[in-house]
4 protein chains.
Amino acid sequence: MRREQLLAIAVERFAKHGYHNTKISDIVADAGVAQGTFYWYFKSKEAIGLEIIRSGRERLLQVIAKGYRSQSGSVSEMVEGSQRLLKDIFQFADENRYFMELLLTGGEDESIRRASKETRIDMEEAFRRNIERATELGMLPGSMNLHMRAALLVSLIEGVIARWLFGPIHPNSDLARLTAEELAAETVRFEFFGLLGI
Amino acid sequence: MRREQLLAIAVERFAKHGYHNTKISDIVADAGVAQGTFYWYFKSKEAIGLEIIRSGRERLLQVIAKGYRSQSGSVSEMVEGSQRLLKDIFQFADENRYFMELLLTGGEDESIRRASKETRIDMEEAFRRNIERATELGMLPGSMNLHMRAALLVSLIEGVIARWLFGPIHPNSDLARLTAEELAAETVRFEFFGLLGI
Amino acid sequence: MRREQLLAIAVERFAKHGYHNTKISDIVADAGVAQGTFYWYFKSKEAIGLEIIRSGRERLLQVIAKGYRSQSGSVSEMVEGSQRLLKDIFQFADENRYFMELLLTGGEDESIRRASKETRIDMEEAFRRNIERATELGMLPGSMNLHMRAALLVSLIEGVIARWLFGPIHPNSDLARLTAEELAAETVRFEFFGLLGI
Amino acid sequence: MRREQLLAIAVERFAKHGYHNTKISDIVADAGVAQGTFYWYFKSKEAIGLEIIRSGRERLLQVIAKGYRSQSGSVSEMVEGSQRLLKDIFQFADENRYFMELLLTGGEDESIRRASKETRIDMEEAFRRNIERATELGMLPGSMNLHMRAALLVSLIEGVIARWLFGPIHPNSDLARLTAEELAAETVRFEFFGLLGI
DNA sequence: GATGAATGAGTCTTCATTCAT
DNA sequence: TATGAATGAAGACTCATTCAT
């Protein structure tokens with residue numbers, strides 16, 4: 001309970017103000033407990049940071065795992081499947097925006113930077129396998145290299161999430177007002193057909 | 001001279017170790033000057049950070065400005081034009097990798113965070129105008145909203161640069177070994193045709 | 001306790017060596033605590049300076065308030081009353097010599113300078129009201145302006161305290177050896193009758 | 001020329017902002033010369049401070065010396081003489097207000113503090129001799145001790161100057177608007193006759 | 001006489017962490 | 001479990017002074 005409370009406060013502050021700009025004294029003040037109490041639940045500031053990444057990573061990878069392609073299908077089935085997966089990811093990001101912000105923009109502390117990086121590599125790897133499977137099933141052309149495709153796709157996803165949830169975003173843009181579902185639709189369209197697509 | 005030297009050392013350290021993990025004493029030690037010398041050239045640590053962003057922003061926007069679409073043309077001309085622009089941007093990123101890293105992943109200090117954000121918004125805006133022009137000229141379909149397109153495109157560019165120059169990147173990926181030109185070709189292909197494209 | 005200890009050490013050092021010549025490290029070394037401990041009790045060096053003035057001011061004004069003239073009386077009663085008041089003030093000054101020195105000669109920091117000034121204005125104002133009352137009661141002639149009288153009187157008091165407790169004083173003078181009572185007697189004589197007086 | 005300019009700027013800044021709050025860089029900036037130039041004219045910051053006190057002291061003591069009592073006379077002659085002397089001192093103070101402020105309230109640096117103190121002791125000693133002479137000539141009663149009288153008199157003078165030229169002063173007071181002559185008249189009246197006097 | 005870049009010791013302040021209660 | 005006083009290493013910034021030109 002208390003532990004979860006501290007975690008929640010910490011992610012939010014880390015995301016909003018950055019790791020170094022967040023003092024343990026801020027966290028405990030928000031939680032209404034004494035400074036020492038923090039150290040009953042966490043070994044150190046670094047530890048709480050890693051804990052945040054670790055627990056978020058697990059949940060994020062679970063969401064992605066659920067969307068894995070297993071069987072062949074038509075193009076429209078593939079598009080639908082992708083759209084469902086992206087919607088789930090965007091929903092997860094929305095519900096865990098502070099974790100997501102930390103994951104995508106954080107990493108002031110070396111070990112947290114590393115943990116974030118690993119999580120993002122895992123995510124990219126999951127998408128690579130997904131694309132690989134689809135290519136093997138003949139649903140995607142084999143002309144582009146897999147890593148490149150995965151990198152481009154994850155760039156798209158990460159960039160869209162970042163702009164959707166915590167900028168940078170052009171003031172006139174209505175991107176931030178889209179639902180997860182709408183965002184997924186637009187993203188998937190671009191993913192499969194590019195700027196020239198339908 | 002001295003000033004440029006300090007700037008160069010600072011960007012590199014800010015990018016490699018982060019803003020907060022970089023001490024003024026590190027910078028001056030690298031430069032072989034006394035601590036006070038730093039303050040002869042810069043008002044504060046924050047000031048040198050902002051200066052780095054400011055000067056990089058100018059040069060980056062210049063590169064983008066050069067690639068502006070002005071006249072109508074065939075699809076392949078458009079693709080070629082985009083490829084040239086991306087290549088220029090990637091080359092700039094390669095030659096200014098520390099600035100780029102700071103721009104894309106940095107921002108521990110509030111004011112630097114803000115300055116980075118503004119620069120990235122400017123970049124997105126530049127691309128939006130470019131897409132807008134191409135749409136008006138009938139070179140791109142008008143079915144997707146402009147801001148969304150620009151966001152997706154810049155996500156692609158930023159994500160690719162980040163993976164190309166400073167990870168996160170899958171260990172088996174050969175992305176990091178591509179030239180700016182090759183990277184531009186792959187990216188442009190995805191940009192216009194998506195995963196299903198040629 | 002700790003707080004009071006730090007305050008006591010600080011006043012003494014501020015008075016003896018000046019505000020700027022007193023380092024926080026001096027204060028904590030005297031108190032036998034770590035540097036950080038100082039900042040547990042006080043926000044900053046300036047804050048402890050203001051606190052010293054603030055608390056001394058309250059006590060000083062209380063002493064003066066006690067000596068307020070309320071009823072009419074003979075000249076000798078008035079002289080006696082004045083003498084009692086001055087004795088109290090001198091005793092207070094003696095017991096709070098470091099505060100007094102800071103009040104009368106200190107003020108290197110702008111905000112402390114201002115706080116000291118205000119306290120001294122308050123003191124002068126208190127005396128002005130006292131003289132005003134005595135004039136209304138017909139105990140003092142109305143020929144001299146009130147502010148001038150108060151200024152002269154407080155000049156006398158401040159100057160005498162400064163010389164009595166912390167010089168400048170002529171080496172042959174025995175002023176420093178007088179008791180608060182004797183000093184009050186001499187001062188009051190001058191106050192009422194001047195150099196030509198009895 | 002340049003030397004005098006630097007001295008004038010230094011005195012003003014020392015008086016207005018305090019010794020420690022005045023940086024050499026402030027002084028040279030005001031004078032429009034380079035930092036190094038200062039050190040061509042003065043050995044150090046302390047040196048210019050001492051120089052200021054030294055030169056002011058000489059001129060101040062000269063003014064006082066001119067007012068020395070030499071011959072016997074009536075009470076009104078004595079009052080007139082005193083008034084002339086005070087007027088001269090007040091005029092000097094007015095023309096040298098920054099020096100005066102430094103002399104009366106300054107002294108953050110140990111050696112400057114000492115030099116100021118000595119000057120003020122000299123001033124007091126001069127007045128003591130003056131009173132002593134008047135007492136010997138039978139112009140003043142012998143009932144009060146000399147040092148005390150001198151201390152009280154100089155307290156009056158210093159306090160009045162301080163309030164006249166640079167506060168602390170009650171906002172409603174018109175003391176600051178008096179001329180040197182008027183101020184001398186009021187002060188002398190109090191000096192000789194006290195609050196009860198004519 | 002004058003410049004201004006360079007120096008570096010000195011100081012305030014911060015903040016993660018510890019520990020007796 | 002919880003407290004909060006205490007710690008002390010670390011780091012940004014200041015500024016009088018020097019010196020080559």
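Computed from a predicted model, the values in this text were never measured in an experiment. Naming convention: chains lettered A, B, ... in sequence-line order (proteins, then strands); numbering from 1 in each chain. In what follows, every heavy atom counts, from backbone to side chain, and hydrogens, waters and symmetry copies are set aside.
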Legend entry - Cation-aromatic face contact D:Lys45/D:Phe14, 6.0 Å, 45 degrees: no
Legend entry - C1' atoms of F:dT21 and E:dG1, separation to the nearest Å: 13 Å
Legend entry - Of C:Lys23 and B:Gln35, the one whose closest DNA chain E nucleotide lies more 5': B:Gln35
Inset, instruction - Could you check how far CG of A:Asn21 sits from P of E:dA16, rounded to whole Å? - result: 11 Å
Inset, instruction - Can you tell me the distance, in whole Å, between the CZ atom of A:Phe14 and the C1' atom of E:dA16? - result: 12 Å
Inset, instruction - Kindly say whether D:Met1 contributes a backbone atom to a donor-acceptor pair with the side chain of D:Glu4 at under 3.5 angstrom? - result: yes
Inset, instruction - Starting from P on F:dT3, measure out to CD1 on A:Ile24 and report it in whole angstrom. - result: 15 Å
Inset, instruction - Return no unless some side-chain N or O of D:Tyr41 is found under 4.0 Å from OP1 or OP2 of E:dA2. - result: yes
Inset, instruction - Report the residue (C:Gly36 or B:His20) whose heavy-atom-nearest nucleotide on DNA chain F is the more 5′ of the two. - result: C:Gly36
Inset, instruction - Starting at atom CZ of D:Arg3, determine the distance to atom C1' of E:dG1, rounded to an integer number of angstrom. - result: 14 Å
Legend entry - Gap between atoms NZ and P, on D:Lys43 and F:dC19 respectively (whole Å): 13 Å
Legend entry - Note: D:Arg3-D:Glu51 ion pair, threshold 4.0 Å (strictly below): yes
Inset, instruction - May I have the distance from A:Trp40 (atom CH2) to F:dG4 (atom C1'), rounded to whole angstrom? - result: 18 Å
Legend entry - Side chain C:Tyr19, main chain C:Glu46, donor-acceptor under 3.5 Å: yes
Inset, instruction - Could you tell me which nucleotide pairs with E:dC15 by Watson-Crick or G-U wobble geometry, both distances under 3.5 Å, or answer none if nothing does? - result: F:dG8
Legend entry - Watson-Crick or G-U wobble mate for E:dA20, both contacts under 3.5 Å: F:dT3
Inset, instruction - May I ask you to evaluate whether C:Arg2 reaches the phosphate of F:dA6, defined as a side-chain N or O under 4.0 Å from OP1 or OP2? - result: yes
Legend entry - Separation of atom OH in C:Tyr39 from atom C1' in F:dA10, rounded to whole Å: 14 Å
Inset, instruction - Please figure out whether C:Val33 or A:Thr37 has its closest DNA chain F nucleotide nearer the 5' end. - result: A:Thr37
Inset, instruction - Would you kindly give the CZ-to-P distance between D:Phe38 and E:dG1, to the nearest whole Å? - result: 16 Å
Inset, instruction - Say whether C:Arg59 and C:Gln62, considering side chains only, have a donor N or O and an acceptor N or O under 3.5 Å apart. - result: no
